[in-house]
Peer 1: 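Take this structure, written in structure tokens, and hold onto it; I'll ask about it next.
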Amino acid sequence: MNPRTLLLALLCALLLEPALAQRPQNRPGFLGQDLAVQIEADEAELSELRNTSIYRGHVSLTRGPLSMQGDELKIHRDPDSGRITATLSGRPATATHRSAEDPEPVVASARRIVYVTQVETLELAGDARIRRGADELQGDTVRYDVANARIQADGGDERVRIVINPPSDADPAP
């Protein structure tokens, strides 16, 4: 790791650490409060006064079982609540959630993905798509409540499209 990348990672950790430490102990969900947010990018711009940071170029964000990739990432930390809002854009931006209980990861893609900590949601906008195995949901906007495994979709000017495939022969009968 080059010195510039190491410095940016350290600055990001210092900016995000107070927010992660303020997560309520009793909040259910898939992400523990002790999970660090790791970000890699070609360049970064940090503003402590505005509680924001912007990352550009081959951006990757990882936090536990959630990983996201895109072209640009904007992070805002609310100093009062500690809530972090990460807005990722790309052509497309992608997010992958791997659950220990499910061998098939959930893969989401859209032109813009907004991830909000503490409430653990992904909001996808612009050609939104979520896949799990061979099943797929498409719409203009999709909201994925990761902690509760709940999805809401809106087709915009088009209809929402959902494909649910039958179980394969190898899957046990319900």
Peer 1: Testing the basics here: between S81 and Q118, what is the closest heavy-atom pair and its distance to 0.1 Å?
Peer 2: O-NE2, 3.1 Å
Peer 1: Does one side chain, of R63 or Y115, offer a donor that lies under 3.5 Å from an acceptor on the other?
Peer 2: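 A donor-acceptor contact under 3.5 Å links the two side chains.
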Peer 1: Check the pair H97, Y144 against side chain to side chain contact (heavy atoms under 4.5 Å, CB included), reporting the backbone distance first and the verdict last.
Peer 2: CA-CA 11 Å; H97 175 246; Y144 177 36; 3.8 Å; yes
Peer 1: Applying side-chain contact (heavy atoms from CB on, under 4.5 Å), can you list everything that pairs with S89, at least two apart in sequence or on another chain?
Peer 2: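 Here the qualifying residues are E72.
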Peer 1: Pair up each side-chain donor or acceptor in residues 155-163 with any protein partner under 3.5 Å, not counting sequence neighbours, and list the distances.
Peer 2:
none

Peer 1: Could you tell me whether the side chain of H76 reaches within less than 4.5 Å of the side chain of R83, counting heavy atoms only?
Peer 2: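 They are not in side-chain contact.
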Peer 1: Quick check: do L73 and I39 have side-chain heavy atoms less than 4.5 Å from each other?
Peer 2: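 With C-beta onward as the side chain, the pair touches.
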Peer 1: Return each pair, listed once, that meets salt bridge (charged side-chain N to carboxylate O under 4.0 Å, His left out) where at least one residue sits in residues 123-134; pairs must be two or more places apart or across chains.
Peer 2: D102-R132, R111-D127, E123-R143, R129-E136
Peer 1: Checking T117 side chain against I84 main chain: does a donor-acceptor pair fall under 3.5 Å?
Peer 2: yes
Peer 1: Compare all side-chain heavy atoms of V114 with those of L122 and state whether any distance is below 4.5 angstrom.
Peer 2: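 No. Closest side-chain heavy atoms not under 4.5 Å.
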Peer 1: Of all residues at least two apart in sequence or in a different chain, which pass the salt bridge (Lys or Arg N to Asp or Glu O under 4.0 Å) check with R112?
Peer 2: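 Here no residue qualifies.
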Peer 1: State which residues pass side-chain hydrogen bond (donor to acceptor under 3.5 Å, both in side chains) with H58; sequence neighbours excluded, sorted by chain then number.
Peer 2: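 D42.
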Peer 1: Please name all residues satisfying side-chain contact (heavy atoms from CB on, under 4.5 Å) with S67, sequence neighbours left out, ordered by chain then number.
Peer 2: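 Testing S67 for side-chain contact (heavy atoms from CB on, under 4.5 Å), a comparison that skips the adjacent residues, returns T62, Q69, T96.
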Peer 1: So, does N51 use its side chain to make a donor-acceptor pair with the main chain of D78 at under 3.5 Å?
Peer 2: no
Peer 1: Within a strict 4.5 Å, meaning less than it, do heavy atoms of the I151 and D145 side chains meet?
Peer 2: no
